[in-house]
Amino acid sequence: MEFTAKQIAGFIQGEIEGDENVKINSFAKIEEGKKGAISFLSNPKYTHFIYDTDSSIVLVNKDLVLEKPIKATLIRVDNAYECVAKLLQIYQQMQPGRKGIDPKASVAESAKIGERCYVGPFAVIEEGVEIGDNTQIYPNTVICRGTKIGCDCVIYPNVTVYHDCRLGNRVTIHSGSVIGADGFGFAPNENGYDKIPQIGIVTIEDDVEIGANTCVDRSTMGSTVVGKGVKLDNFVQVAHNVEIGENTVVSAQVGFAGSTKVGKWCMFGGQAGIAGHISVADKTFVGAQCGIISNTKGNGENLIGSPATDPKEFFRSYAVYKKLPQMYKEIAQLKQELEQMKEEQKRNAITVNEN
């Protein structure tokens, strides 16, 4: 497929500088540009690449000021990063989707498969499963009994969705993820631990994307909920009865302990840990490796460190922390000098008494 600069500018309401008839048929990073490709520039660190790139078209922000001539045709937009995301979505939507049930797939007679669906080889669709139109189930994926999946979903290879879970429309789940495994529930007794049955389900709402090797556990009772528009990265752990609010984004290796309630539009950096039975307010920004052990204060709060704290307080504390080795030496030296003074006072006192 080929598109001209004029067509692309029409898609994203951009302003063309250069040849409006130049054509592209691929995407490329600006530092790896080639003829017939479109690139984008949004990070100032990469500005120097624009003068030498071989890409035919480059999307740039409207406020970009060039210091010398360039070869590429420019399309100026308000936000180049957002616009390239829109173009990639358009490109992906134009790719032909897979259809049909592979003869090697195992589909229960009671399962209901919508129109224009794809079920790959060695996929298993158990009894009572319902799958909406245009959904794709890739090879080796298992959809257990009673699960309902909406329309336009993509479930990649080797995903397991346990029984009775509920997935909305346009849900994407990447390889290796497990939806609906038992929550971590055990009660101690004198001989060890009694397992607490996890009889709830997982509900994943519309437009959710879940990365590879992520686990969303079923609830003890009721439902673990991943809200509309949530994006979970790879290796994320969502424990039983957690509720994640709409449009929250979560980076890799984040862990949510049981019964945590997360608000809307939150952001979690990599390896953050959230204790159980607490609430995180809407629009909370949680830095990488942050540890949250209590309810957050309110909307728009920024947190870093473990235990989590305000960034200004953290950096003031860290400034002192870095000085601790030197402070330790100084205290040890003062202690030594104090002991010497005490010894000297004792000797002086003995001399006075003798006289």
Side-chain angles (χ1 to χ4, degrees), residues 1-99 116 118 134 136 138 151-154 156 169-172 174-175 206-212 228-234 247-252 265 267 269-270 285:
M1 293 178 289
E2 285 189 335
F3 296 93
T4 65
K6 184 176 181 180
Q7 289 173 313
I8 293 169
F11 292 146
I12 56 178
Q13 291 76 52
E15 300 171 359
I16 299 172
E17 289 183 12
D19 183 3
E20 67 176 19
N21 296 313
V22 65
K23 297 180 179 179
I24 59 96
N25 55 25
S26 65
F27 291 82
K29 295 188 292 186
I30 193 168
E31 64 269 32
E32 299 174 359
K34 57 185 179 180
K35 186 176 180 181
I38 183 171
S39 300
F40 77 101
L41 173 63
S42 63
N43 189 329
K45 293 180 180 179
Y46 292 84
T47 300
H48 63 282
F49 287 115
I50 199 170
Y51 301 109
D52 299 314
T53 187
D54 290 324
S55 290
S56 299
I57 299 174
V58 180
L59 300 180
V60 299
N61 294 332
K62 287 183 177 179
D63 59 0
L64 175 68
V65 177
L66 298 175
E67 298 177 353
K68 55 185 178 180
I70 61 171
K71 297 179 290 183
T73 291
L74 296 185
I75 300 180
R76 291 185 179 269
V77 292
D78 291 328
N79 189 314
Y81 189 78
E82 288 183 1
C83 286
V84 78
K86 291 178 182 178
L87 292 177
L88 287 168
Q89 289 171 2
I90 293 170
Y91 175 79
Q92 186 176 48
Q93 290 166 4
M94 296 180 71
Q95 303 303 309
R98 296 186 180 188
K99 298 178 184 178
R116 300 175 300 278
Y118 167 67
N134 303 309
Q136 300 183 43
Y138 278 74
C151 301
D152 302 297
C153 297
V154 180
Y156 283 106
N169 302 314
R170 299 173 300 280
V171 171
T172 299
H174 290 274
S175 296
D206 296 347
D207 301 302
V208 169
E209 180 152 351
I210 296 176
K228 181 178 179 181
V230 168
K231 314 300 179 189
L232 303 180
D233 199 359
N234 306 330
N247 299 308
T248 286
V249 293
V250 181
S251 295
W265 292 101
M267 299 179 69
F285 175 82

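Quick note: numbers below take in every heavy atom, side chains included, and nothing from hydrogens, waters or symmetry partners. From a predicted model like this one, the values you see are computed outputs, not experimental measurements.
- The shortest side-chain heavy-atom distance between Leu59 and Ile75 falls under the 4.5 Å cut-off.
- Remark: Lys68 is positioned above the aromatic ring of Tyr51, its terminal NZ or CZ atom under 6.0 angstrom from the ring centre and at most 45 degrees off the axis.
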Practice prompt. Determine, stepwise, if the pair Asn134 / Cys151 fulfils side chain to side chain contact (heavy atoms under 4.5 Å, CB included).
Written response: CA-CA 6 Å; Asn134 303 309; Cys151 301; 5.5 Å; no
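- When all heavy atoms are compared, the tightest approach of Ile24 to Ala37 is CG2-O, 3.5 Å.
- If you take CZ on Arg76 and CG on Asp63, they are separated by 8.0 Å, rounding to the nearest 0.5 Å.
- Residue Ala72 comes nearest to Val58 through the heavy atom pair CB-CG2, 3.8 Å, listed as atom of the first residue, atom of the second, then distance.
- Between Lys29 and Tyr46 the shortest side-chain heavy-atom distance does not fall below 4.5 Å.
- Listed here is the closest heavy atom pair of Arg170 and Asp207: NE-OD1, 2.6 Å.
- Minimum heavy-atom separation, Gln7 to Glu2: OE1-O, 4.1 Å.
- Looking at every heavy atom in both residues, Ile50 comes nearest to Ile70 through O-CG2, 3.7 Å.
- Considering only residues two or more places apart in sequence or on other chains, Ser39 meets the side-chain hydrogen bond (donor to acceptor under 3.5 Å, both in side chains) condition with Ser55.
- We find that Lys228 and Asp206 are not joined by a salt bridge, their nearest charged nitrogen and carboxylate oxygen being 4.0 Å or further apart.
- Contact detail for His174 and Ala212: the closest heavy-atom pair is CB-N, 3.6 Å.
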